[in-house]
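Residues take their numbers from the sequence shown, with the count starting at 1. All ligand and atom numbering here is 1-based and tracks the order in the structure. If you're wondering where the values come from, they're calculated on a predicted model, not measured in any experiment.
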Amino acid sequence: MSLKDSPGLREIQRGELTLLEIRNEACTALVSYQGAQVLSFVPTSGEDLLWLSEKAVYQTGKAIRGGIPLCFPWFGPHPEDASKPAHGFARNREWQLVDVQAGADSHRLRFRLEDDEQTRGLWPYRFVAELEITLGHTLELALSVNNRDDQPFTLSNAFHSYFPIQDIRKARVDGLDGVTYIDQLLAGRPRLIQQDGVSFSGETDRIYLDAGGDYRMVDLSRPRQIGVHASNCRSAIVWNPWQEKTAALTDMLASAWTSMACLECGNVEENRLLLRSGEDVTCLLRLTEG
Ligand code: BG6
């Protein structure tokens with residue numbers, strides 16, 4: 001029996017991409033082989049913890065707008081070569097499903113991405129990355145990267161989670177009070193200190209450094225809270241494109257900026273990771289309702 005035929009799994013086609021639909025007693029979920037990207041996670045007793053664009057494009061090699069794309073091995077534009085894909089190549093590549101553990105109220109899927117000629121053309125190192133996704137009462141992601149090269153490398157990574165919000169103007173991110181952030185939208189990318197919770201009143205694109213790893217996405221208009229717990233992720237990124245930037249994004253409805261926000265956990269800027277030859281690192285993310 002092939003792994004995709006495990007109990008509770010079913011492959012479905014969306015555009016050019018094959019997705020895995022997962023069903024167990026605790027949740028239903030949708031995961032794309034491209035990017036090993038979780039697109040939807042609905043606990044049996046609740047609603048989707050993730051936002052997925054109604055205009056998302058399901059095309060080979062194109063990032064899917066929503067869910068939890070993985071940024072790796074760099075974050076944002078490539079520091080030296082703008083022609084390389086934004087946020088690295090991991091979210092645009094097909095990952096291999098290498099293990100499935102199916103239980104009554106939980107599934108554990110393990111995906112793998114290894115270097116090949118194409119990745120070495122973009123990033124000249126040998127590596128193995130694995131993403132273990134646990135889909136049960138909570139959603140857990142564990143990203144491990146192993147340096148298979150004979151030289152050290154640095155990497156940036158992020159779990160680029162998109163969350164649904166009823167009204168962005170009444171949303172708040174807690175857990176970043178007192179943390180230094182880079183405001184990516186201001187000239188010179190100044191470093192500022194967060195006072196209180198993060199609220200949204202315009203385009204927002206901030207990188208928080210040396211952050212604690214325990215956050216809350218608070219939707220005050222419902223009210224609803226999503227707990228975001230990260231380990232080995234020293235940075236957090238908060239992003240909302242607001243009206244004008246959204247109009248330029250062909251994979252988002254013009255009004256979609258009002259109903260989503262990204263709170264991303266990872267290691268970027270000076271929090272990026274150094275891996276010596278043979279070393280590995282594991283970064284964790286857990287999302288909980290309430
Ligand atoms: C965020 C970045 O993480 O991702 C933003 O901080 C960026 O600068 C956003 O615009 C979306 O990126 P992309 O490549 O998915 O459109």
Side-chain angles (χ1 to χ4, degrees), residues 17 32 34-39 50-79 81-93 122 141 143 155-165 168 171 173 176 179-192 194 198 200 202-209 211 215 217 228 230 233-254 256-272 283 285:
L17 302 183
S32 165
Q34 181 168 289
Q37 188 167 335
V38 183
L39 300 178
L50 299 171
W51 179 86
L52 177 61
S53 174
E54 289 174 54
K55 281 184 79 186
V57 172
Y58 299 90
Q59 240 173 45
T60 309
K62 183 149 173 41
I64 307 167
R65 179 77 60 197
I68 314 182
L70 291 176
C71 306
F72 167 85
W74 61 87
F75 180 82
H78 186 277
D81 184 350
S83 70
K84 291 185 177 174
H87 289 323
F89 49 74
R91 63 179 182 165
N92 302 331
R93 291 293 308 260
L122 293 165
L141 273 67
L143 174 73
L155 68 95
S156 294
N157 71 297
F159 298 108
H160 192 308
S161 313
Y162 285 79
F163 294 107
I165 298 286
I168 187 68
V173 179
L176 290 163
V179 178
T180 298
Y181 66 92
I182 301 171
D183 193 324
Q184 302 231 80
L185 299 174
L186 296 179
R189 302 173 79 235
R191 282 161 193 248
L192 305 165
Q194 182 64 43
V198 184
F200 299 83
E203 187 185 350
T204 306
D205 192 353
R206 299 176 177 181
I207 295 177
Y208 291 82
L209 299 166
Y215 317 109
M217 179 60 84
V228 179
C233 292
R234 291 171 63 200
S235 317
I237 299 97
V238 177
W239 181 62
N240 180 285
W242 221 251
Q243 190 164 11
E244 206 178 310
K245 193 70 71 67
T246 301
L249 296 172
T250 51
D251 55 1
M252 273 175 79
L253 287 173
W257 61 276
T258 58
S259 53
M260 54 72 67
C262 289
L263 169 57
E264 312 159 35
C265 299
N267 297 283
V268 310
E269 299 282 330
E270 62 256 46
N271 291 155
R272 66 189 175 274
C283 303
L285 179 74

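Among all protein heavy atoms, the one lying closest to atom 4 (O) of ligand 1 is His160 NE2, 2.9 Å. For atom 2 (C) of ligand 1, the closest non-hydrogen atom on the protein side is Asp205 OD1, 3.7 Å. The protein heavy atom nearest to atom 12 (O) of ligand 1 is His87 NE2, 3.4 Å. At the top of the distance list for atom 13 (P) of ligand 1, counting protein heavy atoms only, stands Arg65 NH1, 3.7 Å.
In this structure, Glu54 places its CD atom where only 12 or fewer heavy-atom neighbours from other residues, nucleotides or ligands lie under 6.0 Å away. Around CD of Glu244, the count of heavy atoms belonging to other residues, nucleotides or ligands within 6.0 Å does not exceed 12.
Within the 4.0 Å heavy-atom criterion, neither part of Lys245 lies near ligand 1.
In terms of modelled atom types and a separation under 3.5 Å, the side chain of Ser235 and the main chain of Cys233 share no donor-acceptor contact. Of the possible donor and acceptor atoms, one in the side chain of Gln37 sits under 3.5 Å from a partner among the backbone N and O of Ile64. In this structure, His87 contributes its side chain and Gly76 its backbone to a donor-acceptor pair below 3.5 Å.
Here is the list of ligand 1 atoms found below 4.0 Å of a heavy atom in Glu264: 1 (C), 3 (O). For ligand 1 and Gln184, the ligand atoms under 4.0 Å from any heavy atom of the residue are 6 (O). For ligand 1, the atoms closer than 4.0 angstrom to any heavy atom of Ile237 are 3 (O), 6 (O). Atoms of ligand 1 found under 4.0 Å from any heavy atom of Phe75, numbered from 1 in the order shown, are 3 (O), 6 (O).
For the side chain to side chain contact (heavy atoms under 4.5 Å, CB included) with Lys62, the qualifying choice from Leu17, Val57, Asn92 is Val57, the only one to do so.
Using a 4.0 Å heavy-atom cutoff, Arg91 is listed among the residues neighbouring ligand 1.
In this pair, Tyr181 and Tyr208 present their aromatic rings tilted. The plane angle is within the 30 to 60° band.
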